[in-house]
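Comments concern the structure below.
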Amino acid sequence: MTVSGAFTLTGSETRLDPVIRNDPFPFYRAMRAQDPVYYDPGLDVYLVTRHADAVQVLRDDVNFSLEHGYQDRFANGHVEEFAAILDAHGGGFIRDLAVDPPRHTRLRRLTEKAFTAHRVKGFTERMRAIVIDLITPLGERGHGDGMADIGAPLTAQIICEQLGLDFAEVGTERLARWTTAVIAQIGRMQTREEMIANAHVICDLQNAIIKQIDARRAAPREDMISDLIHAKIDGEEGQVLSYEEAIATVRAFLIAGNDTTAAAIANLLFVLATREGLVEELYPQIDDERVMNRFVDELVRLHPPVHGLFRTAMRDVEVGGTVIPAMAQVCIMYASANHDDAVFAAPEAFDMSRSNLGANLTFGAGIHRCIGIALARSEIKIAAQEIVRHLTQIRLAIPREELTYLPTLATQTLTRLPLTFRLRGA
Ligand code: HEM
(Lines give C-alpha, C1' and ligand atoms only; values in the text may rest on other atoms or scores of the structure.)
Protein backbone atom coordinates (compact mmCIF):
# COMPACT_ATOMS: atom_id res chain seq x y z
CA MET A 1 0.00 0.00 0.00
CA THR A 2 2.80 2.41 0.87
CA VAL A 3 5.54 3.06 -1.65
CA SER A 4 8.44 5.19 -0.38
CA GLY A 5 6.21 7.36 1.79
CA ALA A 6 3.57 7.77 -0.93
CA PHE A 7 0.22 6.03 -0.69
CA THR A 8 -0.77 3.86 -3.68
CA LEU A 9 -4.49 3.07 -3.71
CA THR A 10 -5.56 -0.52 -4.35
CA GLY A 11 -9.32 0.07 -4.00
CA SER A 12 -9.54 -1.80 -0.70
CA GLU A 13 -8.59 1.12 1.55
CA THR A 14 -11.31 2.48 3.82
CA ARG A 15 -11.65 5.60 5.92
CA LEU A 16 -12.80 3.25 8.73
CA ASP A 17 -9.24 1.91 9.12
CA PRO A 18 -7.99 3.20 12.53
CA VAL A 19 -4.55 3.96 11.04
CA ILE A 20 -6.16 6.14 8.35
CA ARG A 21 -8.55 7.66 10.90
CA ASN A 22 -5.67 8.90 13.05
CA ASP A 23 -3.78 10.35 10.07
CA PRO A 24 -6.12 10.62 7.08
CA PHE A 25 -4.28 13.27 5.05
CA PRO A 26 -1.94 10.88 3.13
CA PHE A 27 -5.07 8.90 2.13
CA TYR A 28 -6.82 12.09 1.01
CA ARG A 29 -3.77 13.14 -1.02
CA ALA A 30 -3.64 9.75 -2.71
CA MET A 31 -7.34 9.89 -3.61
CA ARG A 32 -7.09 13.41 -5.03
CA ALA A 33 -4.18 12.31 -7.25
CA GLN A 34 -5.25 8.79 -8.22
CA ASP A 35 -9.01 8.40 -7.80
CA PRO A 36 -10.65 11.68 -6.79
CA VAL A 37 -14.15 10.23 -6.42
CA TYR A 38 -13.11 7.09 -4.59
CA TYR A 39 -15.53 4.29 -3.73
CA ASP A 40 -14.83 3.41 -0.09
CA PRO A 41 -15.71 -0.31 0.23
CA GLY A 42 -15.82 -0.23 4.06
CA LEU A 43 -18.36 2.60 4.14
CA ASP A 44 -20.13 1.87 0.81
CA VAL A 45 -19.80 5.58 0.06
CA TYR A 46 -18.18 7.64 -2.72
CA LEU A 47 -15.65 10.03 -1.19
CA VAL A 48 -15.45 13.32 -3.12
CA THR A 49 -11.97 14.62 -2.41
CA ARG A 50 -11.10 17.48 -4.79
CA HIS A 51 -12.08 21.06 -4.02
CA ALA A 52 -13.83 21.72 -7.36
CA ASP A 53 -15.79 18.47 -7.15
CA ALA A 54 -16.78 19.10 -3.52
CA VAL A 55 -18.10 22.54 -4.53
CA GLN A 56 -20.05 20.96 -7.42
CA VAL A 57 -21.80 18.57 -5.00
CA LEU A 58 -22.38 21.19 -2.31
CA ARG A 59 -23.98 23.60 -4.77
CA ASP A 60 -26.18 21.01 -6.46
CA ASP A 61 -28.95 20.32 -3.98
CA VAL A 62 -31.21 18.93 -6.71
CA ASN A 63 -29.00 16.02 -7.75
CA PHE A 64 -27.51 15.56 -4.26
CA SER A 65 -29.98 15.28 -1.44
CA LEU A 66 -28.81 16.11 2.06
CA GLU A 67 -32.10 14.82 3.46
CA HIS A 68 -31.50 11.35 2.02
CA GLY A 69 -27.79 11.59 2.80
CA TYR A 70 -28.56 11.89 6.49
CA GLN A 71 -31.64 9.70 6.63
CA ASP A 72 -30.71 6.72 4.48
CA ARG A 73 -28.13 5.51 6.97
CA PHE A 74 -29.33 7.37 10.05
CA ALA A 75 -28.72 5.40 13.26
CA ASN A 76 -26.44 3.17 11.17
CA GLY A 77 -29.26 0.97 9.85
CA HIS A 78 -31.40 0.84 13.02
CA VAL A 79 -33.58 3.84 12.37
CA GLU A 80 -36.95 2.24 13.17
CA GLU A 81 -35.81 0.95 16.53
CA PHE A 82 -34.16 4.30 17.23
CA ALA A 83 -37.36 6.20 16.34
CA ALA A 84 -39.46 3.91 18.57
CA ILE A 85 -37.28 4.68 21.61
CA LEU A 86 -37.44 8.43 20.90
CA ASP A 87 -41.23 8.32 20.40
CA ALA A 88 -41.77 6.40 23.63
CA HIS A 89 -39.40 8.26 25.95
CA GLY A 90 -38.06 11.48 24.41
CA GLY A 91 -40.84 13.59 22.91
CA GLY A 92 -40.51 12.04 19.44
CA PHE A 93 -38.13 11.35 16.58
CA ILE A 94 -37.82 14.82 15.07
CA ARG A 95 -35.79 16.06 12.08
CA ASP A 96 -33.84 19.32 12.12
CA LEU A 97 -32.38 21.41 9.28
CA ALA A 98 -31.17 18.21 7.63
CA VAL A 99 -33.93 18.36 5.03
CA ASP A 100 -34.11 19.42 1.37
CA PRO A 101 -35.85 22.48 -0.10
CA PRO A 102 -38.55 23.67 0.11
CA ARG A 103 -38.80 22.51 3.74
CA HIS A 104 -35.22 23.60 4.36
CA THR A 105 -35.78 27.08 2.89
CA ARG A 106 -38.54 27.89 5.36
CA LEU A 107 -36.74 26.39 8.37
CA ARG A 108 -33.48 28.13 7.52
CA ARG A 109 -35.15 31.54 7.25
CA LEU A 110 -36.75 31.07 10.65
CA THR A 111 -33.72 29.65 12.46
CA GLU A 112 -31.38 32.33 11.08
CA LYS A 113 -33.34 34.78 13.19
CA ALA A 114 -31.58 33.42 16.28
CA PHE A 115 -28.19 34.50 14.85
CA THR A 116 -28.69 38.22 14.73
CA ALA A 117 -25.48 40.27 14.79
CA HIS A 118 -26.87 41.71 18.02
CA ARG A 119 -27.05 38.29 19.69
CA VAL A 120 -23.51 37.23 18.67
CA LYS A 121 -21.82 40.60 19.22
CA GLY A 122 -23.51 41.24 22.54
CA PHE A 123 -21.91 38.04 23.80
CA THR A 124 -18.30 38.81 22.81
CA GLU A 125 -17.09 40.15 26.13
CA ARG A 126 -18.86 37.38 28.03
CA MET A 127 -17.02 34.81 25.86
CA ARG A 128 -13.74 36.52 26.64
CA ALA A 129 -14.44 36.35 30.37
CA ILE A 130 -15.33 32.65 30.11
CA VAL A 131 -12.02 31.89 28.33
CA ILE A 132 -9.94 33.86 30.85
CA ASP A 133 -11.67 32.26 33.85
CA LEU A 134 -10.97 28.85 32.42
CA ILE A 135 -7.34 29.20 31.38
CA THR A 136 -5.97 31.27 34.29
CA PRO A 137 -6.08 28.48 36.92
CA LEU A 138 -4.79 26.00 34.33
CA GLY A 139 -1.90 28.35 33.53
CA GLU A 140 -1.02 28.48 37.21
CA ARG A 141 -1.06 24.67 37.34
CA GLY A 142 1.18 24.46 34.26
CA HIS A 143 -0.49 21.56 32.49
CA GLY A 144 -3.85 20.42 31.22
CA ASP A 145 -5.69 18.56 28.49
CA GLY A 146 -6.51 20.74 25.49
CA MET A 147 -9.75 18.85 24.91
CA ALA A 148 -11.04 17.82 28.36
CA ASP A 149 -9.84 20.90 30.28
CA ILE A 150 -10.14 23.63 27.64
CA GLY A 151 -11.96 22.85 24.35
CA ALA A 152 -14.88 20.87 25.77
CA PRO A 153 -15.75 22.97 28.87
CA LEU A 154 -15.22 26.24 27.02
CA THR A 155 -17.54 25.53 24.14
CA ALA A 156 -20.05 23.78 26.39
CA GLN A 157 -20.36 26.84 28.59
CA ILE A 158 -20.53 29.24 25.64
CA ILE A 159 -23.22 27.39 23.70
CA CYS A 160 -25.28 26.80 26.88
CA GLU A 161 -25.14 30.49 27.81
CA GLN A 162 -25.91 31.59 24.23
CA LEU A 163 -28.96 29.39 24.06
CA GLY A 164 -30.00 30.33 27.58
CA LEU A 165 -29.42 26.99 29.32
CA ASP A 166 -28.13 26.86 32.88
CA PHE A 167 -24.57 25.59 32.38
CA ALA A 168 -24.17 24.70 36.06
CA GLU A 169 -27.20 22.42 35.72
CA VAL A 170 -26.21 20.87 32.37
CA GLY A 171 -22.45 20.53 32.94
CA THR A 172 -19.69 19.59 30.50
CA GLU A 173 -20.04 15.84 30.98
CA ARG A 174 -23.76 15.62 30.32
CA LEU A 175 -23.42 17.84 27.26
CA ALA A 176 -20.53 15.68 26.01
CA ARG A 177 -22.70 12.55 26.43
CA TRP A 178 -25.56 14.22 24.52
CA THR A 179 -23.19 15.33 21.77
CA THR A 180 -21.53 11.96 21.30
CA ALA A 181 -24.93 10.25 21.17
CA VAL A 182 -26.27 12.58 18.45
CA ILE A 183 -23.09 12.61 16.36
CA ALA A 184 -23.00 8.78 16.48
CA GLN A 185 -26.28 8.69 14.52
CA ILE A 186 -24.59 10.16 11.45
CA GLY A 187 -21.05 8.90 12.16
CA ARG A 188 -21.62 5.44 10.55
CA MET A 189 -19.58 3.51 13.08
CA GLN A 190 -22.07 2.66 15.88
CA THR A 191 -23.26 -0.88 16.76
CA ARG A 192 -26.92 -1.72 17.57
CA GLU A 193 -26.16 -1.87 21.32
CA GLU A 194 -24.51 1.53 21.12
CA MET A 195 -27.51 2.86 19.19
CA ILE A 196 -29.91 1.77 21.99
CA ALA A 197 -27.78 3.37 24.69
CA ASN A 198 -27.38 6.52 22.56
CA ALA A 199 -31.12 6.72 21.87
CA HIS A 200 -31.81 6.88 25.62
CA VAL A 201 -29.20 9.61 26.02
CA ILE A 202 -30.92 11.58 23.24
CA CYS A 203 -34.25 11.18 25.09
CA ASP A 204 -32.63 12.81 28.13
CA LEU A 205 -31.39 15.64 25.87
CA GLN A 206 -34.79 16.24 24.27
CA ASN A 207 -36.61 16.14 27.60
CA ALA A 208 -34.22 18.78 28.95
CA ILE A 209 -34.87 20.97 25.88
CA ILE A 210 -38.65 20.55 26.18
CA LYS A 211 -38.45 21.83 29.77
CA GLN A 212 -36.58 24.94 28.61
CA ILE A 213 -38.92 25.64 25.70
CA ASP A 214 -41.98 25.33 27.91
CA ALA A 215 -40.50 27.78 30.41
CA ARG A 216 -39.86 30.36 27.66
CA ARG A 217 -43.26 29.96 26.08
CA ALA A 218 -44.64 31.06 29.42
CA ALA A 219 -42.11 33.90 29.86
CA PRO A 220 -39.62 34.91 27.10
CA ARG A 221 -36.04 35.72 28.09
CA GLU A 222 -33.05 37.43 26.43
CA ASP A 223 -31.58 34.33 24.82
CA MET A 224 -31.44 32.25 21.64
CA ILE A 225 -34.12 29.74 22.66
CA SER A 226 -36.54 32.64 23.15
CA ASP A 227 -35.45 34.12 19.78
CA LEU A 228 -36.18 30.78 18.12
CA ILE A 229 -39.60 30.13 19.57
CA HIS A 230 -40.71 33.68 18.84
CA ALA A 231 -39.10 33.89 15.37
CA LYS A 232 -41.48 34.65 12.53
CA ILE A 233 -41.17 35.59 8.90
CA ASP A 234 -42.59 39.09 8.51
CA GLY A 235 -45.75 39.41 6.51
CA GLU A 236 -46.24 35.66 6.18
CA GLU A 237 -49.05 34.32 8.30
CA GLY A 238 -48.32 31.18 10.29
CA GLN A 239 -44.60 31.28 9.57
CA VAL A 240 -43.29 30.28 12.96
CA LEU A 241 -41.45 27.16 14.14
CA SER A 242 -43.72 24.36 15.31
CA TYR A 243 -43.11 22.97 18.80
CA GLU A 244 -41.26 19.95 17.32
CA GLU A 245 -39.20 22.13 15.00
CA ALA A 246 -38.15 24.30 17.93
CA ILE A 247 -37.00 21.21 19.86
CA ALA A 248 -35.04 19.95 16.84
CA THR A 249 -33.42 23.33 16.20
CA VAL A 250 -32.28 23.82 19.78
CA ARG A 251 -30.90 20.27 19.67
CA ALA A 252 -29.09 21.03 16.39
CA PHE A 253 -27.56 24.26 17.72
CA LEU A 254 -26.52 22.66 20.97
CA ILE A 255 -24.81 19.72 19.30
CA ALA A 256 -23.49 21.35 16.11
CA GLY A 257 -22.23 24.28 18.13
CA ASN A 258 -20.50 22.17 20.72
CA ASP A 259 -18.48 19.31 19.32
CA THR A 260 -17.25 21.14 16.21
CA THR A 261 -16.10 24.21 18.09
CA ALA A 262 -14.53 22.12 20.87
CA ALA A 263 -12.56 20.26 18.18
CA ALA A 264 -11.55 23.61 16.67
CA ILE A 265 -10.24 24.89 20.02
CA ALA A 266 -8.30 21.66 20.57
CA ASN A 267 -6.87 22.05 17.04
CA LEU A 268 -5.95 25.64 17.88
CA LEU A 269 -3.97 24.43 20.90
CA PHE A 270 -2.40 21.64 18.83
CA VAL A 271 -1.21 24.18 16.24
CA LEU A 272 0.11 26.56 18.91
CA ALA A 273 1.95 23.66 20.57
CA THR A 274 3.46 22.20 17.42
CA ARG A 275 4.25 25.17 15.14
CA GLU A 276 7.52 26.46 16.56
CA GLY A 277 7.52 30.21 17.25
CA LEU A 278 3.84 30.77 16.32
CA VAL A 279 2.71 31.83 19.81
CA GLU A 280 5.40 34.51 20.09
CA GLU A 281 4.81 35.63 16.51
CA LEU A 282 1.13 36.16 17.27
CA TYR A 283 1.57 37.73 20.72
CA PRO A 284 2.28 41.32 19.55
CA GLN A 285 -0.61 41.10 17.06
CA ILE A 286 -3.40 39.55 19.09
CA ASP A 287 -5.52 42.68 19.18
CA ASP A 288 -5.22 43.21 15.44
CA GLU A 289 -8.59 41.90 14.24
CA ARG A 290 -7.41 41.56 10.63
CA VAL A 291 -4.47 39.36 11.58
CA MET A 292 -6.55 37.27 13.96
CA ASN A 293 -9.30 36.74 11.40
CA ARG A 294 -6.68 35.47 8.95
CA PHE A 295 -5.23 33.28 11.65
CA VAL A 296 -8.62 31.69 12.31
CA ASP A 297 -9.26 31.12 8.59
CA GLU A 298 -5.91 29.39 8.10
CA LEU A 299 -6.33 27.33 11.27
CA VAL A 300 -9.72 25.99 10.21
CA ARG A 301 -8.52 25.41 6.64
CA LEU A 302 -5.58 23.31 7.76
CA HIS A 303 -7.42 21.48 10.55
CA PRO A 304 -11.16 21.44 9.83
CA PRO A 305 -13.21 19.97 12.68
CA VAL A 306 -15.64 18.33 10.23
CA HIS A 307 -13.90 16.04 7.74
CA GLY A 308 -16.85 14.77 5.75
CA LEU A 309 -20.64 14.93 5.51
CA PHE A 310 -23.13 13.03 3.42
CA ARG A 311 -25.45 13.39 0.46
CA THR A 312 -27.36 10.87 -1.67
CA ALA A 313 -27.13 11.03 -5.49
CA MET A 314 -30.73 11.29 -6.72
CA ARG A 315 -29.80 10.14 -10.25
CA ASP A 316 -26.64 9.09 -12.11
CA VAL A 317 -24.36 12.13 -11.85
CA GLU A 318 -20.85 12.63 -13.18
CA VAL A 319 -18.41 14.18 -10.76
CA GLY A 320 -14.71 14.55 -11.56
CA GLY A 321 -14.94 11.98 -14.38
CA THR A 322 -16.70 9.32 -12.28
CA VAL A 323 -20.37 8.51 -12.68
CA ILE A 324 -21.93 8.24 -9.23
CA PRO A 325 -24.93 5.90 -9.59
CA ALA A 326 -28.43 6.95 -8.54
CA MET A 327 -29.13 6.41 -4.80
CA ALA A 328 -25.43 5.95 -4.01
CA GLN A 329 -24.11 7.63 -0.90
CA VAL A 330 -21.61 10.45 -1.29
CA CYS A 331 -19.36 11.97 1.34
CA ILE A 332 -18.08 15.49 0.70
CA MET A 333 -14.56 15.48 2.10
CA TYR A 334 -14.16 19.08 3.30
CA ALA A 335 -10.80 18.29 4.89
CA SER A 336 -9.39 16.89 1.66
CA ALA A 337 -10.73 19.82 -0.38
CA ASN A 338 -9.00 22.22 2.02
CA HIS A 339 -5.68 20.51 1.25
CA ASP A 340 -6.13 20.47 -2.54
CA ASP A 341 -3.04 22.05 -4.09
CA ALA A 342 -5.07 23.03 -7.16
CA VAL A 343 -6.53 25.73 -4.90
CA PHE A 344 -4.11 26.15 -1.98
CA ALA A 345 -0.40 26.26 -2.89
CA ALA A 346 1.79 24.23 -0.49
CA PRO A 347 -1.37 23.13 1.35
CA GLU A 348 0.41 21.65 4.39
CA ALA A 349 2.07 24.98 5.22
CA PHE A 350 0.49 27.28 7.81
CA ASP A 351 0.37 30.48 5.78
CA MET A 352 -1.81 33.34 6.99
CA SER A 353 -0.85 35.45 3.97
CA ARG A 354 -2.68 33.28 1.40
CA SER A 355 -4.73 35.39 -0.97
CA ASN A 356 -7.64 32.93 -0.96
CA LEU A 357 -8.01 31.99 2.72
CA GLY A 358 -11.78 32.27 2.47
CA ALA A 359 -11.96 29.51 -0.17
CA ASN A 360 -11.79 26.80 2.51
CA LEU A 361 -14.82 24.51 2.80
CA THR A 362 -14.62 24.09 6.57
CA PHE A 363 -18.14 25.44 7.08
CA GLY A 364 -19.55 23.88 3.90
CA ALA A 365 -21.03 25.86 0.99
CA GLY A 366 -24.40 26.32 -0.69
CA ILE A 367 -27.74 26.29 1.06
CA HIS A 368 -26.60 24.23 4.08
CA ARG A 369 -23.51 26.35 4.79
CA CYS A 370 -23.00 26.50 8.55
CA ILE A 371 -25.56 28.73 10.21
CA GLY A 372 -23.32 29.25 13.26
CA ILE A 373 -20.27 30.45 11.34
CA ALA A 374 -20.13 33.95 12.88
CA LEU A 375 -20.43 32.57 16.40
CA ALA A 376 -17.87 29.82 15.74
CA ARG A 377 -15.28 32.14 14.17
CA SER A 378 -15.68 34.67 16.93
CA GLU A 379 -15.34 31.98 19.60
CA ILE A 380 -12.16 30.57 18.06
CA LYS A 381 -10.67 34.04 17.65
CA ILE A 382 -11.38 35.07 21.23
CA ALA A 383 -9.96 31.77 22.51
CA ALA A 384 -6.81 32.30 20.40
CA GLN A 385 -6.40 35.89 21.63
CA GLU A 386 -6.74 35.04 25.29
CA ILE A 387 -4.71 31.82 25.17
CA VAL A 388 -1.80 33.63 23.48
CA ARG A 389 -2.20 36.64 25.80
CA HIS A 390 -2.10 34.50 28.95
CA LEU A 391 -0.11 31.36 28.13
CA THR A 392 3.39 30.79 26.80
CA GLN A 393 5.68 27.80 26.17
CA ILE A 394 2.70 25.69 25.07
CA ARG A 395 4.03 22.18 24.35
CA LEU A 396 2.66 18.71 23.64
CA ALA A 397 3.16 16.50 26.71
CA ILE A 398 3.07 13.24 24.72
CA PRO A 399 4.69 12.28 21.40
CA ARG A 400 2.66 13.53 18.46
CA GLU A 401 2.25 9.98 17.08
CA GLU A 402 0.30 9.01 20.21
CA LEU A 403 -2.55 11.42 19.48
CA THR A 404 -5.77 9.65 18.44
CA TYR A 405 -9.16 10.73 17.13
CA LEU A 406 -12.72 9.65 17.98
CA PRO A 407 -14.17 6.91 15.75
CA THR A 408 -16.51 8.97 13.59
CA LEU A 409 -16.18 10.13 10.04
CA ALA A 410 -18.19 13.32 10.43
CA THR A 411 -16.00 15.11 12.96
CA GLN A 412 -12.28 14.68 13.44
CA THR A 413 -12.08 15.13 17.20
CA LEU A 414 -8.96 14.55 19.29
CA THR A 415 -9.61 12.08 22.11
CA ARG A 416 -7.10 13.91 24.32
CA LEU A 417 -4.42 16.56 24.00
CA PRO A 418 -2.04 16.58 27.00
CA LEU A 419 -0.19 19.90 27.16
CA THR A 420 2.25 21.82 29.30
CA PHE A 421 2.42 25.64 29.36
CA ARG A 422 3.26 28.58 31.58
CA LEU A 423 1.34 31.65 32.61
CA ARG A 424 2.87 34.58 30.72
CA GLY A 425 4.88 36.83 33.01
CA ALA A 426 4.76 34.38 35.93
C1 HEM B 1 -15.83 25.39 14.17
C2 HEM B 1 -17.12 25.18 14.35
C3 HEM B 1 -18.07 24.68 13.29
C4 HEM B 1 -17.84 23.96 12.14
C5 HEM B 1 -16.50 23.48 11.61
C6 HEM B 1 -19.11 23.74 11.51
C7 HEM B 1 -19.27 23.08 10.28
C8 HEM B 1 -20.46 22.97 9.61
C9 HEM B 1 -20.61 22.41 8.28
C10 HEM B 1 -19.48 21.82 7.45
C11 HEM B 1 -21.92 22.48 7.95
C12 HEM B 1 -22.55 22.05 6.62
C13 HEM B 1 -23.25 20.73 6.73
C14 HEM B 1 -23.52 20.08 5.37
O15 HEM B 1 -23.22 20.66 4.33
O16 HEM B 1 -24.01 18.93 5.37
C17 HEM B 1 -22.61 23.06 9.08
C18 HEM B 1 -23.98 23.27 9.14
C19 HEM B 1 -24.61 23.66 10.30
N20 HEM B 1 -24.03 24.17 11.44
FE21 HEM B 1 -22.07 24.35 11.80
N22 HEM B 1 -20.09 24.30 12.28
C23 HEM B 1 -19.51 24.89 13.37
C24 HEM B 1 -20.15 25.59 14.38
C25 HEM B 1 -21.50 25.71 14.50
C26 HEM B 1 -22.21 26.42 15.54
C27 HEM B 1 -21.51 27.22 16.64
C28 HEM B 1 -23.54 26.21 15.34
C29 HEM B 1 -24.75 26.70 16.11
C30 HEM B 1 -24.74 27.31 17.24
C31 HEM B 1 -23.68 25.42 14.15
C32 HEM B 1 -24.88 24.99 13.60
C33 HEM B 1 -25.02 24.43 12.35
C34 HEM B 1 -26.32 24.07 11.78
C35 HEM B 1 -27.67 24.18 12.46
C36 HEM B 1 -26.04 23.60 10.48
C37 HEM B 1 -27.07 23.11 9.44
C38 HEM B 1 -27.37 24.25 8.51
C39 HEM B 1 -28.31 23.90 7.38
O40 HEM B 1 -28.49 22.71 7.07
O41 HEM B 1 -28.90 24.83 6.80
N42 HEM B 1 -22.43 25.13 13.65
N43 HEM B 1 -21.70 23.37 10.07
Side-chain angles (χ1 to χ4, degrees), residues 48 54-55 57-61 64-71 95-101 103-116 119-120 123 127 151 154-156 158-165 175 179 182-183 186 223-225 227-228 241 245 248-268 296-297 299-312 330-335 337-338 360-384 409-413:
V48 176
V55 170
V57 176
L58 282 165
R59 296 213 177 272
D60 183 355
D61 45 88
F64 294 100
S65 161
L66 177 137
E67 188 165 334
H68 276 278
Y70 281 77
Q71 288 179 17
R95 303 289 183 189
D96 52 29
L97 280 157
V99 289
D100 290 333
R103 275 205 296 161
H104 176 266
T105 319
R106 176 185 155 275
L107 268 180
R108 177 89 187 202
R109 283 178 73 195
L110 282 163
T111 49
E112 266 169 359
K113 302 216 175 254
F115 285 94
T116 54
R119 184 67 66 222
V120 176
F123 199 59
M127 284 201 267
L154 187 65
T155 49
I158 289 175
I159 193 64
C160 282
E161 287 197 17
Q162 270 269 313
L163 284 166
L165 300 175
L175 182 52
T179 306
V182 174
I183 301 271
I186 56 165
D223 57 35
M224 257 183 175
I225 298 184
D227 290 350
L228 277 173
L241 290 178
E245 287 168 345
T249 308
V250 175
R251 187 189 65 206
F253 286 6
L254 190 60
I255 304 307
N258 180 36
D259 191 55
T260 47
T261 322
I265 305 285
N267 291 343
L268 158 72
V296 171
D297 279 342
L299 171 76
V300 299
R301 179 196 69 80
L302 200 58
H303 297 283
V306 181
H307 271 214
L309 286 173
F310 302 95
R311 300 291 189 269
T312 296
V330 175
C331 187
I332 309 159
M333 304 303 292
Y334 308 104
N338 281 359
N360 73 70
L361 294 182
T362 300
F363 295 96
I367 61 165
H368 293 283
R369 184 162 195 247
C370 182
I371 203 171
I373 184 167
L375 176 62
R377 292 178 84 243
S378 145
E379 199 170 327
I380 300 164
K381 182 172 68 186
I382 290 171
L409 172 55
T411 53
Q412 182 77 350
T413 309

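In listed order, ligands and their atoms are each counted from 1.
- Near Thr362, with a cut-off below 4.0 Å to any heavy atom, the atoms of ligand 1 are 5 (C), 7 (C), 10 (C).
- For atom 21 (Fe) of ligand 1, the count of nearby protein N/O/S atoms, taking only those under 2.8 Å, is 1.
- Looking at Thr362, its side chain does come within 3.5 Å of a backbone N or O of Val300 through a donor-acceptor pair.
- In this structure, Val182 and Leu254 have side chains that are not in contact, with every pair of non-hydrogen atoms separated by 4.5 Å or more.
- Considering only non-hydrogen protein atoms, atom 29 (C) of ligand 1 sits nearest to Phe115 CZ, 3.7 Å.
- Between Leu110 and the options Arg108, Glu112, Arg106, a side chain to side chain contact (heavy atoms under 4.5 Å, CB included) holds for only Arg106.
- No side-chain heavy atom of Ile332 sits under 4.5 Å from any side-chain heavy atom of Phe64.
- Residues Leu361 and Ala54 come closest through the heavy atom pair CD1-CB, 3.7 Å.
- Take Asp227 and apply the side chain to side chain donor-acceptor pair (under 3.5 Å) test, not counting sequence neighbours, and it matches Arg119.
- Judged by the shortest distance from any of its heavy atoms, His104 lies inside the 4.0 Å radius around the atoms of ligand 1.
- Here is the list of ligand 1 atoms found below 4.0 Å of a heavy atom in Phe253: 29 (C), 30 (C), 35 (C).
- Residue Leu309 has at least one heavy-atom neighbour below 4.0 Å for each of these atoms of ligand 1: 13 (C), 14 (C), 16 (O).
- Between the side chain of Asn338 and the backbone N or O of Leu302, no donor-acceptor pair lies under 3.5 Å.
- The salt bridge (Lys or Arg N to Asp or Glu O under 4.0 Å) contacts involving residues 249-259 comprise Asp96-Arg251, where partners must be two or more places apart or lie in separate chains.
- Formation of a donor-acceptor pair under 3.5 Å by the Thr111 side chain with backbone atoms of Leu107 is found in this model.
- At the top of the distance list for atom 40 (O) of ligand 1, counting protein heavy atoms only, stands His368 ND1, 2.7 Å.
- Ranked by closest heavy atom to atom 15 (O) of ligand 1, the top entry among Arg377, Glu379, Arg311 is Arg311.
- Those atoms of ligand 1 with a heavy atom of Ile367 less than 4.0 angstrom away are 41 (O).
- Of the protein's non-hydrogen atoms, Leu97 CD1, 4.2 Å is the one closest to atom 37 (C) of ligand 1.
- Tyr334 OH, 3.3 Å is the protein heavy atom nearest to atom 14 (C) of ligand 1.
- With hydrogens and angles disregarded, no donor-acceptor distance shorter than 3.5 Å links the side chain of Gln412 to the backbone of His307.
- Of the protein's heavy atoms, Arg108 NH1, 3.4 Å lies nearest to atom 38 (C) of ligand 1.
- Which parts of ligand 1 touch Ile159 is read off a 4.0 Å heavy-atom cut-off, strictly below it: atoms 30 (C).
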Under 3.5 Å, which donor-acceptor pairs link side chains of residues 369-380 to any protein atom two or more places apart or in another chain?
unit_1, atom_1, unit_2, atom_2, d
Arg377, NE, Asp297, OD1, 3.4
Arg377, NH2, Asp297, OD1, 2.8
Arg377, NH2, Asp297, OD2, 3.2

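- When non-hydrogen atoms are compared, ligand 1 lies under 4.0 Å from the side chain of Leu66 (C-beta onward) but not from its backbone.
- Among all heavy-atom pairs drawn from Thr155 and Gly151, the shortest one is OG1-O, 2.8 Å.
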